Amino acid sequence: MGHPSNQKTYIMTTIADRLANAQHRITQAAKFSSRNADEIQLLAVSKTKPNIDIIAAYAAGQRLFGENYVQEGESKVKELKSICPEIQWHFIGPLQSNKTKVVAGLFDWMHTLCRDKIALRLNDQRPDELAPLNVCIQVNISGEKSKSGIVPSELMALANTIEALPKLTLRGLMAIPTATDDKSKHKEEFQRLQHLYLELKAIHPHLDTLSMGMSNDLEQAVAHGSTMVRIGSAIFGERDKSLSA
Ligand SMILES: *Cc1c(COP(=O)(O)O)cnc(C)c1O
């Protein structure tokens, strides 16, 4: 532990360096797949991390931040409103129907929509003075029963429901692959999501977002068409496991 101000400088340098590194990985991955790196956005996942870390990333130019927990997200959005006015907030965690109002009122994006009921509530609760809430449908690509996300056979119907709601804008799809070190499994799942996305985009051509890829697999996700990678630990460091779900 050094002098407090030295310590702060150290943290800011580290987060800025890691952000630059994540950006570099995206650029390299895009090049490898002959894609334009500008098509791929970096969403910094700040769950369980303190505001000071978010401010450090913001100071380094980061604008898109993702949060998983309603209560934590609510206080961060409110506390950082005047200090980091340009943040675009993305809700990326599971959402229960009794908590939709917070997300509808404070967030710009919601990545984990997978039920009609939640879509209707978000639409009803989105304040009139705010632009429509941008949403991605979360798809269960692993086939595991316990996983959240809609099953692929119900995807088209949910997309049609969302398209009819004036305060929601459907942007694309999102998925969390099976937690495994088996890279071929991730590849297969990313491929499946990419196919579903292209099928859906053929019917709804305005879709522009494929939210997939995390710290450990962003290269593979970019190779399969990801347009938004959600990076947490590679920017902010490992999370305290007792705090994360
Ligand atoms: C935590 C989380 C991430 C970030 O994961 P890392 O492995 O730390 O990059 C991305 N997406 C979702 C939905 C998450 O919950």
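We count residues from 1, following the sequence as given. Worth knowing before you read on, the calculation uses all heavy atoms, side chains too, and leaves out hydrogens, waters and symmetry mates. Start at 1 and go down the list; that is how both ligands and their atoms are numbered. All values derive from a computational prediction rather than experimental measurement.
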* Do Asn51 and Glu79 get their side chains close enough for a donor-acceptor pair, meaning under 3.5 Å? -> yes
* Structure fact -> side chain to side chain donor-acceptor pair (under 3.5 Å) test vs Glu67 passes for just one of Lys49, His90, Lys76, namely Lys76
* To do: Tell me who clusters with Val45, hydrophobic residues only, linked when side chains sit under 4.5 Å apart either directly or through other members.
  => Leu43, Leu64, Ile92, Trp109, Met228
* **Between His224 and Glu189, a side-chain donor and acceptor under 3.5 Å** => no
* Got a second to check how far Ile231's CD1 is from Leu42's CG, nearest 0.5 Å? -> 6.5 Å
* Asked: Do we get Arg63 above Tyr58's six-membered ring, with its NZ or CZ under 6.0 Å from the centre and within 45° of the axis?
  -> yes
Any protein N/O atoms within less than 3.5 Å of an N/O atom in ligand 1? List the atom names and distances, or say none.
unit_1	atom_1	unit_2	atom_2	d
ligand 1	8 (O)	Ser233	N	2.8
ligand 1	8 (O)	Ser233	OG	3.0
ligand 1	8 (O)	Arg239	NH1	2.8
ligand 1	8 (O)	Arg239	NH2	3.1
ligand 1	9 (O)	Ser215	N	3.0
ligand 1	9 (O)	Ser215	OG	2.5
ligand 1	9 (O)	Gly232	N	2.8
ligand 1	11 (N)	Arg230	NE	2.8
ligand 1	15 (O)	Lys47	NZ	2.7
ligand 1	15 (O)	Asn68	ND2	2.7

